[in-house]
Every structure is written in structure tokens, then in C-alpha cells.
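Note on naming: letters A, B, ... go to the chains in the order of the sequence lines (proteins, then strands), and numbering restarts at 1 for each one. Computed from heavy atoms alone, side chains included, the values below leave out hydrogens, waters and symmetry copies.
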There are 2 protein chains.
Amino acid sequence: MPASERLGSHLKRAEQALNATKTAVLKPAGLTVAQYAALLHLSDNPGISAAALARLCGVTPPTMNTVLKNLQDRGLITRSPHEWHRNVLETRLTDEGRAVMTDADTAAVRVERALAAEFTDAERGTLTGLLARCVRVLEEQRPGSS
Amino acid sequence: MPASERLGSHLKRAEQALNATKTAVLKPAGLTVAQYAALLHLSDNPGISAAALARLCGVTPPTMNTVLKNLQDRGLITRSPHEWHRNVLETRLTDEGRAVMTDADTAAVRVERALAAEFTDAERGTLTGLLARCVRVLEEQRPGSS
DNA sequence: AAAGCTACATTAGAGCTCTAATGCTCGCTA
DNA sequence: TAGCGAGCATTAGAGCTCTAATGTAGCTTT
């Protein structure tokens with residue numbers, strides 16, 4: 001089966017392009033794509049736990065732990081014990097984190113707008129619909145989807 | 001800008017699903033997704049250089065170097081100096097590499113077929129077309145595309 | 001012939017990602 | 001009340017990925 005016939009190849013290429021562009025536009029803000037994603041969801045959910053943040057970002061808790069450690073070392077977030085659940089750490093943006101996030105978000109949204117502008121409303125709907133079907137089929141193919 | 005409106009989110013989710021499924025189906029063969037991609041292109045291009053293989057796989061030479069080192073340690077490939085260009089290493093599959101590749105390819109193609117079966121010919125064409133436009137726009141947004 | 005350009009290979013270092021395993025705390029149940 | 005299960009955090013280890021820098025070989029240009 002030639003690579004050009006594999007839908008996966010096209011999907012991968014598109015995601016690679018997305019990632020490369022996001023990496024490039026986030027570089028001036030000093031953030032990686034993963035760090036931006038974490039800060040983005042964090043700004044919408046102050047005090048969220050690392051595990052819950054991991055779920056929102058679609059990664060595992062140890063992965064999020066790595067990302068948060070780097071963000072904390074740079075002073076962009078704080079992690080403090082939860083009042084009641086002593087085992088849970090509440091993660092929050094610092095003032096500097098908010099500033100960096102605002103800066104990065106401007107660049108990231110610019111890319112998203114350029115991407116959206118390429119398509120009509122109908123095309124966008126078609127694309128997201130087809131992608132959703134890809135996700136569904138792929139998850140069905142995975143035994144671990146129980 | 002909410003995450004649900006970002007085309008990038010849908011793209012990322014689809015690629016994550018693809019990667020997760022491929023990782024799962026390749027696990028019995030003992031290969032990672034990156035290793036499978038390298039072996040796949042290697043089987044079509046015997047004796048190719050690592051740099052050329054990196055281009056085919058859409059990664060950088062150091063990345064391919066890492067992947068090839070692991071494959072070589074497991075005896076699935078050999079790397080020998082080129083006859084004329086002494087600075088180039090020819091990479092080739094070993095017999096065991098070919099066997100593992102055949103095994104892995106069966107599983108990988110099964111996923112691709114399931115994915116293709118979800119769509120009509122027209123839908124497949126639409127999807128690849130839309131994805132190609134995503135790639136084009138994203139590369140235009142990237143200054144480093146010179 | 002010497003210089004420079006191009007391409008390949010490699011190392012170093014940072015960061016993301018996963019699985020597996022461990023330890024903790026809370027709340028529920030026997 | 002004692003234990004048990006669920007959820008959170010973390011460490012360890014393997015692997016992929018990038019940028020930056022270094023070294024080498026071959027070819028081209030002066």
C-alpha cells in the first residue's frame with residue numbers, strides 16, 4: 001500500500017505543519033506548544049488539578065507533570081496544596097504567567113484565524129466532521145478503547 | 001477564542017487518535033510508530049542515506065539518527081559506508097528487519113484500510129484536499145518557509 | 001591548486017511523550 | 001472501625017523530537 005494512498009499520511013503531514021507553525025509563532029513568547037496548551041486551559045480553569053489538566057490537554061499525568069515542572073521553574077505558575085484534599089495540588093497562573101499567556105495567545109489565535117479564513121463555513125464543517133469520523137474509526141480499531 | 005472553534009484542535013485530536021491506534025497495533029511487532037515509518041520507507045529505498053530517509057519521514061537528521069540507532073541495536077538494519085562517497089552510510093534492512101517489517105505492515109495496513117473504508121471515494125478526496133489546503137496555509141504563516 | 005559550498009553524519013542539550021510502578025489521601029463499605 | 005477502592009502526584013526509564021554546533025568528504029569555482 002503506497003504512502004500516498006494512506007489517509008494517515010495526509011493527517012500526519014497536516015498535523016506536522018500545524019505543529020511546526022505553532023512552534024515558530026510561540027517561540028518569541030518563549031513557550032512550547034505543550035506549554036501553551038497547558039496555560040490556555042489553565043487560564044480557563046484556575047486551581048485545576050494536574051490530572052484534570054492532563055485530561056483536557058489529552059496527555060497523561062506524568063507528561064503534564066513534566067510540562068508543569070518546567071512552567072513552575074520559570075515562575076509562570078504556582079502549585080499549592082488544596083485546602084481540603086491535601087493530596088491535590090492546585091495549579092494557578094502567576095501574574096507573569098498571565099502576561100506570557102496573553103502574548104502567546106495573540107500569536108496562536110492569529111494562526112487559527114488564518115487557518116479558518118482559508119475555508120468557507122461549509123468547508124470548516126465538512127473538515128471537522130470528517131476528522132471526527134476519523135477519530136471514531138480509529139478508536140474503534142483500538143482494543144484499548146474499552 | 002474557544003478551543004472548540006479552533007481547527008487546530010480537531011486536527012490535533014485526529015492525529016492523536018491516529019498515533020495512539022498505530023502505537024497500539026504496532027506494539028505486538030515491537031516497533032514504535034517512528035521505527036515503522038523508517039522501515040517502511042527503507043524497504044522501498046534500499047541503501048538510502050539517513051538524511052534522505054529523514055526527509056521522507058518528515059523529521060530532522062538527528063531524529064532519524066536516534067531512530068536508526070535503536071533499530072541497529074536491535075539488529076533490524078545495517079549501516080555500511082558507501083563505496084564512493086565515504087562520508088555516506090548506506091542503510092539496509094536485515095533479514096530479521098524484513099520479517100518484523102512484514103509483520104508490522106500487516107497491522108498498519110489493516111488500520112489504514114479500516115480508516116479508508118469509513119469514507120466514500122469522494123469523501124476521501126475532499127478530506128485530503130482540505131488537509132492539503134491546511135498545510136499550504138500553515139506553511140505560508142510560517143516565516144521560516146523560505 | 002586552494003578556497004568555498006554543499007551534503008552527510010554525529011554529538012550535546014532541552015523538552016515532550018508514553019508505560020509501569022509507588023505512595024499518598026479521601027471517602028465508602030463491610 | 002478497619003479495610004478497600006478511586007483519584008492524585010510522582011519517579012524511573014525508554015523513546016522521539018527539535019535546535020545548535022562540529023567534523024568530514026566531495027564537488028565547484030576562482
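Closest approach to the A:Asn70 side chain among C:dG15, D:dA9, C:dG27 is made by C:dG15 (side chain taken as heavy atoms from C-beta onward). For B:Thr60, taking side-chain heavy atoms from C-beta onward, the closest of the listed nucleotides D:dG26, C:dG27, D:dT19 is D:dT19. Comparing D:dC16, C:dC8, C:dC24 by their closest approach to the side chain of A:Asn87 singles out C:dC24. Of the candidates D:dT17, D:dC18, D:dA9, D:dT17 carries the atom nearest the B:Val67 side chain, counting heavy atoms from C-beta on. Taking only side-chain atoms of B:Ala34, from C-beta outward, the nucleotide of C:dC16, D:dC16, D:dC18 with the closest atom is D:dC16. Of the candidates C:dT10, D:dG15, C:dT19, D:dG15 carries the atom nearest the B:Thr32 side chain, counting heavy atoms from C-beta on. Closest to the A:Pro62 side chain, of the nucleotides D:dT19, D:dT11, D:dG15, is D:dT11. Listed nucleotides: D:dA9, D:dT17, C:dT17. Nearest to the side chain of A:Thr66: C:dT17.
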*asked:* Show, in sequence, the C-alpha distance, side-chain angles and deciding distance for B:Leu53 and B:Asn45, and conclude whether the side-chain contact (heavy atoms from CB on, under 4.5 Å) test is met.
replied: CA-CA 9 Å; B:Leu53 190 54; B:Asn45 302 274; over 6 Å; no
*Yes or no on side chain to side chain donor-acceptor pair (under 3.5 Å) for A:Thr21 and B:Arg142, after CA distance, side-chain angles and deciding distance?*
CA-CA 5 Å; A:Thr21 300; B:Arg142 195 171 348 133; 3.1 Å; yes
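Across the protein-nucleic acid pair, B:Leu68 atom CG and C:dT10 atom P stand 9 Å apart, rounded to whole Å. Between A:Leu39 atom CG and C:dC16 atom P the separation is 11 Å, expressed in whole Å. Following rounding to the nearest Å, B:Leu53 (CG) and C:dT10 (P) show an atom-to-atom distance of 13 Å. Between the CG atom of B:Asn19 and the P atom of C:dT19 there is a distance of 11 Å, rounded to whole Å. Atom CG in B:Leu31 sits about 12 Å away from atom P in D:dG15, given to the nearest Å. Distance, A:Met64 CE to D:dT11 P: 16 Å, rounded to whole Å. If you measure from atom CG of B:Asn65 to atom P of C:dA9, you get 8 Å, rounded to the nearest angstrom. Regarding B:Glu15, its CD atom lies at a distance of 14 Å from the C1' atom of C:dC18, rounded to whole Å.
Taking 4.0 angstrom as the limit, B:Arg55 places none of its side-chain polar atoms (N or O) nearer than this to OP1 or OP2 of C:dA7. Within the 4.0 Å cut-off from OP1 or OP2 of D:dT17, not a single side-chain nitrogen or oxygen of A:Gln16 is found. The side chain of B:Arg79 places no N or O atom within less than 4.0 Å of a non-bridging phosphate oxygen (OP1 or OP2) of C:dC8.
Of the residues listed (B:Leu127, B:Thr128, B:Leu131), the one engaging A:Leu130 in a side-chain contact (heavy atoms from CB on, under 4.5 Å) is B:Leu127, and it is the only one.
Applying the 6.0 Å contact sphere to CZ of B:Arg113 captures no more than 12 heavy atoms from other residues, nucleotides or ligands.
Looking at every heavy atom in both residues, B:Ala116 comes nearest to B:Arg124 through O-NH1, 2.7 Å.
Along DNA chain D, the nucleotide nearest to B:Pro61 and the one nearest to A:Val88 differ in position, and the one closer to the 5' end is contacted by A:Val88. DNA chain C is contacted by both A:Arg74 and B:Lys27; A:Arg74 maps to the nucleotide lying nearer its 5′ end (nearest heavy atom per residue).
Put simply, the side chain of A:Glu112 reaches to within 4.5 Å of the side chain of A:Lys22, judged on heavy atoms.
Using a 4.0 Å heavy-atom distance criterion, B:Thr63 is classed as a base contact.
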